[in-house]
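One structure below.
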Amino acid sequence: MILASTVVAMAALCMSADDVQSNIAWGKRAFTMHALVALVVTLVSVSANAVSAADPVAQETLMSRIRTIHMIDFEDITPGEGLLPKRARYTLDMYKAYTPQHVLTLNYSSDPSDKAFPGDTIGRYILSTTLLSRALHEPEPQTLKDVMAALPGMLNAEGYLGWVLPGDRADETGLSNVMWSNGLTEYYLWKKDDRALKMNRNIFTQIILPIREAYDYYYSPEKSDNKIKWVHCTGDTAQAFGIIDPATRGYALFPSPELKQEIDDLIRLYHKVDPVKIQAQVHAVLFATRGILRWCEIEPNAEKLAFAESLYQRYRQSAMTENYENYNWFGRPDWTEGCAIVDSFTVAMRLWRLTGKTEYLKDAQLILFNGLLANQKDGDFGTNNCVGPNNEIFLKPGQIAPWCCSVWGGKGLARAIQYSYFRLDDGVVVTIPGNSTVTARLPDGLLTLEQTTGYPYEGGVCFRVLASESRKKRMLALFVPSWIDRDSITVIVNGRRNEYPVANDFLQISRVMKRGDAIEVQFKQISGVAPLLRPERTPGFHRYMHGPLVLGADTVEEKKASLGTQIETLDAACCRVDGVILTPLCDLTDRRDAAKRASSGSIQVLFRD
């Protein structure tokens, strides 16, 4: 049975984190949203062995999750037509249209500057274009080839991009080369390009390993002899610990006892930084959190997992907007940032994989459909205003950020396609329904499924077995979030109704799969009034949702859509309340769809009770 020894056992990691449920009824229907209680975790700096001894159940649960929930390669998932692939192609088309000069000169400088981040835009472009090309099964774009060919001629005297760093490497802006490492790692994993491997190895040799001592003198310094003084970035507060992400991403390519110790030390030192107190950049915090989670996959450690979980929970409780975007800094809801939205999605997905807590899968879908897609501006990404704080009830799409968000958003779309499926030892997990074909390479042979669905606009999913190389029972596990009416779930296999259980928020279809089998899962999505993510921030208001989709009105003036008013259901997940037509945010912000996009440039998201 799916997750029988893993998901259920994850209760050992839930330290009184019960869901708080808030229901606002509409007629005979109710929309239930789960507000997470902030996880209170006592973090003690100890070694992995000490943690294992102190909490063997949590440690074994983590290791069990890693053994049983597996990633599926991009090449084994073929997206069809639908919302997510369409929006992903917007961005890949833009990447193809870039010139090499645009990529190589934007946000770049060979001289020390706090206005340029050498390697940052370049690395983001390499990474996102690589992942998005793989996700959409496209060949390597010519611009990416040209960028990779030009890089060896741009290296400084020490073999990396930008200016030569000081001996102690404590230059927070100059450290943007770490993003270049992320791109080189993913490019090498795709193309096995020796140039990429060589340049990446030099980043580890010249920057990542030599900088270890400098972190003893970072925010909340461990040493006070003033031996090293950091040149801090003026805007992206506390971004230096983002080095955890490339260090862990590249560990498989350049493993060493020294690198392992450094990663452990960096995570230990990061415990001492209070991101809320210093008003850290949210992108920087979530970027580091993802690196910590990746390290938990490589070196399973329940204490480090709890730390990463606590970082995400602090973000969710204090810096997430009502349409699941982000504050750019903790405590400063000035604008949102596409980069952090991408990070919050990938962090939520990794947290589900490692903890089994399905609230993270719910968050991931909500972030994807209402945050990431609402932030997309044609193919670009950038900033929006923060809906919720400061009595802001409108979403007003902002500016593009071509040097960072635009070349980071593609990564989020690519991972959303990949993370739609995970492999079990005996089957497949479907986390985000979408038109696609997946091949799971199981120990007993291949299982290939074709999926068709109208989700997230419509309920229901159909699967057709294209290939099955085993006569043993296979598991097809479909995520059933809280916005699916469980009483409406019906499973029809080859024209006959069958009964299968829903457990741990998954519909578990266990049966012998034969080529040609047709499995239809019918269900209805709950629509109507939804409470705010943080009601105390904007009291006296509510939202409207259809399934995972936040709805809004195309208007510059506040419209009335009061509680208790009858809701008329329309097509394409839309509805009418008090004469106001409400449409999914992801459609209202689609700049290529003239029929759906908000013509006023302003979208009301919150409505007075």
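The pair R591-D378 does not meet the salt-bridge criterion, since no charged nitrogen lies less than 4.0 angstrom from a carboxylate oxygen. Checked for salt-bridge contact, R353 and E297 meet the test: a charged N lies under 4.0 Å from a carboxylate O. The pair E213-R169 does not meet the salt-bridge criterion, since no charged nitrogen lies less than 4.0 angstrom from a carboxylate oxygen. By the 4.0 Å N-to-carboxylate-O rule, D264 lies close enough to K260 to be salt-bridged with it. Of the charged side-chain nitrogens involved, at least one lies within less than 4.0 Å of a carboxylate oxygen, so that R537 and E322 count as a salt-bridged pair. Taking a cutoff of 4.0 Å between a charged side-chain nitrogen and a carboxylate oxygen, K227 and D168 do not qualify as a salt bridge. Under a 4.0 Å N-O distance rule, the pair E138/R89 does not qualify as a salt bridge. Look at K86 and D590 and you find a salt bridge, because one of the NZ, NE, NH1 or NH2 atoms lies within 4.0 Å of a carboxylate O, short of that distance.
Checked by atom type and distance alone, the side chain of T121 pairs as donor or acceptor with a backbone atom of W403 at under 3.5 Å. With hydrogens and angles disregarded, a donor-acceptor distance shorter than 3.5 Å links the side chain of T346 to the backbone of D343. Between the K229 side chain and the N226 main chain, no donor and acceptor come within less than 3.5 Å of each other. Using a distance-only test at 3.5 Å, with no hydrogens or angles considered, no donor-acceptor pair links the side chain of D73 to the main chain of D76. For the pair D216 (side chain) and K223 (backbone), a donor-acceptor distance under 3.5 Å is absent. Judged purely by atom type and a 3.5 angstrom limit, R87 uses its side chain to pair as donor or acceptor with the backbone of L373. No side-chain donor-acceptor contact under 3.5 Å links T289 to the backbone of A308. Not one N or O on the side chain of T336 forms a donor-acceptor pair closer than 3.5 Å with the backbone of C386. A donor-acceptor distance shorter than 3.5 angstrom exists from the side chain of H137 to the backbone of F74, with no hydrogens or angles considered. S344 contributes no side-chain N or O that, together with a main-chain N or O of L286, makes up a donor-acceptor pair within less than 3.5 Å.
The closest side-chain donor-acceptor pair between N156 and E158, if any, does not fall under 3.5 angstrom. No side-chain N or O of S109 forms a donor-acceptor pair with one of D111 less than 3.5 Å apart. Neither side chain, E140 nor S133, offers a donor N or O lying under 3.5 Å from an acceptor on the other. Residues D363 and Y312 have side chains that bring a donor and an acceptor to within less than 3.5 angstrom of each other. No side-chain donor-acceptor contact under 3.5 Å links W180 and N200. A donor atom on one side chain and an acceptor atom on the other are found under 3.5 Å apart for K377 and N384. Using modelled atom types, one finds a donor on one side chain and an acceptor on the other under 3.5 Å when comparing Q142 with D146. For the residue pair E325 / N375, a side-chain donor-acceptor distance below 3.5 Å is found, with atom types taken as modelled. D380 and S406 are linked by a side-chain donor-acceptor pair at a separation below 3.5 angstrom, with hydrogens and angles left out of the test. No hydrogens or angles considered: nothing links the side chains of H283 and E337 as a donor-acceptor pair under 3.5 Å.
More than 12 heavy atoms of other residues, nucleotides or ligands lie within 6.0 Å of NZ in K272, so this atom counts as buried by the packing criterion. The number of heavy-atom neighbours closer than 6.0 Å to CD of E75, taken from other residues, nucleotides and ligands shown, is above 12. Atom NZ of K115 sits in a sparse spot, with 12 or fewer heavy atoms from other residues, nucleotides or ligands closer than 6.0 Å. Counting non-hydrogen atoms of other residues, nucleotides and ligands closer than 6.0 Å to NZ of K277 gives a total of 12 or fewer.
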Exercise for review: Begin with the C-alpha distance, continue with both residues' side-chain angles, and end with the deciding distance and a verdict on salt bridge (Lys or Arg N to Asp or Glu O under 4.0 Å) for K357 and E309.
Suggested key: CA-CA 11 Å; K357 299 176 185 177; E309 193 171 8; 2.7 Å; yes
Exercise for review: With side chain to side chain donor-acceptor pair (under 3.5 Å) as the test, would you mind laying out the steps for Q313 and R316 before giving the verdict?
Suggested key: CA-CA 5 Å; Q313 290 291 353; R316 194 185 192 280; 5.6 Å; no
Practice item. Would you check, one step at a time, whether the test salt bridge (Lys or Arg N to Asp or Glu O under 4.0 Å) holds for R249 with D245? Key: CA-CA 6 Å; R249 190 188 302 267; D245 192 61; 3.1 Å; yes
Exercise for review: Decide side chain to side chain donor-acceptor pair (under 3.5 Å) for Q261 and D265; before the verdict, give the C-alpha distance in whole Å, the side-chain angles of both, and the deciding distance to 0.1 Å.
Suggested key: CA-CA 6 Å; Q261 185 61 56; D265 287 346; 2.9 Å; yes
Practice item. Give the C-alpha distance, both sets of side-chain angles, the deciding distance and a yes or no for salt bridge (Lys or Arg N to Asp or Glu O under 4.0 Å) between R268 and E222. Key: CA-CA 11 Å; R268 175 181 58 80; E222 188 157 275; 2.7 Å; yes
**Study point:** Pair E303-H271, side chain to side chain donor-acceptor pair (under 3.5 Å): steps then yes or no
**Key:** CA-CA 11 Å; E303 184 268 339; H271 278 258; 3.2 Å; yes
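Separation of the W329 and W335 ring centroids falls under the 6.0 Å cut-off. Ring centroid separation for the pair Y215 and F241 comes in under the 6.0 Å cut-off. Ring-centre distance between H70 and F422: not below the 6.0 Å cut-off.
The shortest heavy-atom contact between F345 and A364 is CD1-O, 3.3 Å.
Within the cation-pi definition used here (under 6.0 Å to the ring centroid, within 45° of the axis), R65 qualifies as a partner of W352. Because its NZ or CZ atom is not both nearer than 6.0 Å to the ring centre of F330 and within 45° of the ring axis, R314 does not count as a cation-pi partner of that residue.
Residues V231 and T173 are not in side-chain contact: their nearest non-hydrogen atoms beyond the backbone lie 4.5 Å or more apart.
W230 and Y218 have perpendicular rings, their planes meeting at more than 60° on a 0 to 90° scale where under 30° would count as parallel. Note on ring orientation: taking the six-membered ring where Trp is involved, the planes of Y125 and Y98 are tilted (angle from 30° to 60°).
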